[in-house]
Amino acid sequence: MRVEDFEEYEQINSALFDLIHQMDDSSQMKKILSHMYSSGGKKIRPLILMLSTELCGGDKNKSIDAALAIELIHSASLIHDDFLDGGIVRRGMPSVPEKYGIAAALLCGDYLISKAITLISPYGYEVVHQFGSAGMHMAEGETIDIKSVEHEFREKNYFECINKKTASLFASSAAIGAYIAGCSKDMALKLYAYGENVGIAYQIVDDLLEFIEELDDKKSTQESVTLPLIYSRAFGREEAIKRTVSEVHKFVGLAKELLNNFRPCAAREKLLLITDHITIDLLPQGT
Ligand code: FPP
Ligand code: MG
């Protein structure tokens, strides 16, 4: 089964379509969002949220608004990231700052964050708190990223950076899914850790693909210091790729192990499939 065939994927896409469709045609934001979402996107974070609700025995339909909020804040972060690191191509299309300019891009990010707040606010304290802290971590992580070229940037700094800028949203998505199902704090924390490990593995793969120049659907003008780069400075290119791939396998293994705390079911199978889909399945052949 492919991720695009999951019924949850269809539900997220249709909720997103409805959201944009309901906006006034004269809205500038509608134009920008239509451009942004016409290029697709994997919808991994909202999928993790909905599947986590199901995994914990909850009703996935109750998590759709939260899933949408997660996708919107993720989109806002990509728009802001493209502004910050000079991203000119995103998902094979001109990025929002490139196409609409910096002012419109910043305002679109503001709009998306605000819309996300309206969607998440009806949920309980745990969910809203988790959502807010993910946003704070992402911003913190991005500041570490943009400073990575200015100072000595070691493995430890890299992991702190990607944990905050990327893994925090994966982790919060999974925990929010658990809270919506009414799960215990202990299980929510296990799902948080699952999301964290997948998010770390995902960002390492993304950085590896950029390092070996295998990403043709996005392009940035400014580079960050990444794990393969840190390893290549110390051990040379070939060894760097080997060590980076081994880190990916390590975090994927940890993520999957955490899912063993949950009963076998369709949602768990789908989460396992997603885990590989955005990590190991993307590794270059022969690595
Ligand atoms: C992509 O990194 C960027 C992120 C994972 C996070 C960006 C976060 C912010 C700009 C903070 C925003 C905060 C809120 C609350 C909206 P990358 O440049 O390595 O990946 P890329 O290759 O996809 O651009
Ligand atoms: Mg970027």
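These numbers come from the heavy atoms of this one structure, side chains and all, not from hydrogens, waters or symmetry mates. Just follow the structure's listing: the first ligand is 1, and inside any ligand the first atom is 1.
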* Asked: Cation over ring, R237 on Y231, under 6.0 Å and within 45°?
  -> no
* Asked: Against heavy atoms of G135, which atoms of ligand 1 measure under 4.0 Å?
  -> 15 (C)
* Min heavy-atom dist M136 to ligand 1 below 4.0 Å -> no
* **Atoms of ligand 1 close to R90 [distance to a heavy atom under 4.0 angstrom, numbered from 1]** => 21 (P), 23 (O), 24 (O)
* With the Mg ion (ligand 2) as the reference point, give the N/O/S atom of D85 that is nearest. => OD2
* Asked: Backbone or side chain, does any N or O of E142 fall under 3.5 Å from an N or O of ligand 1?
  -> no
* Which residue supplies the protein heavy atom nearest to atom 6 (C) of ligand 1, what is that atom called, and how far is it? -> K165 O, 3.4 Å
* Asked: Taking the non-hydrogen atoms of Q203, is any one of them nearer than 4.0 angstrom to ligand 1?
  -> yes
* Which of the atoms in ligand 1, numbered in the order shown and given with their element, are less than 4.0 Å from a heavy-atom of A139? -> 11 (C)
* To do: Could you tell me whether K164 and E160 have a side-chain N and a carboxylate O separated by less than 4.0 Å?
  => yes
* Under 6.0 Å between ring centres, would you say that holds for Y179 and Y125? -> no
* To do: Measure from NZ or CZ of R90 to the centre of the six-membered ring of F83, then state whether that distance is under 6.0 Å and the direction lies within 45° of the axis.
  => no
* Asked: Closer than 2.8 Å to the Mg ion (ligand 2), do we get an N, O or S atom from D82, backbone or side chain?
  -> no
* Less than 4.5 Å apart, any side-chain heavy atom of M29 and any of D24? -> no
* Asked: Any side-chain heavy-atom pair from L72 and L19 closer than 4.5 angstrom?
  -> yes
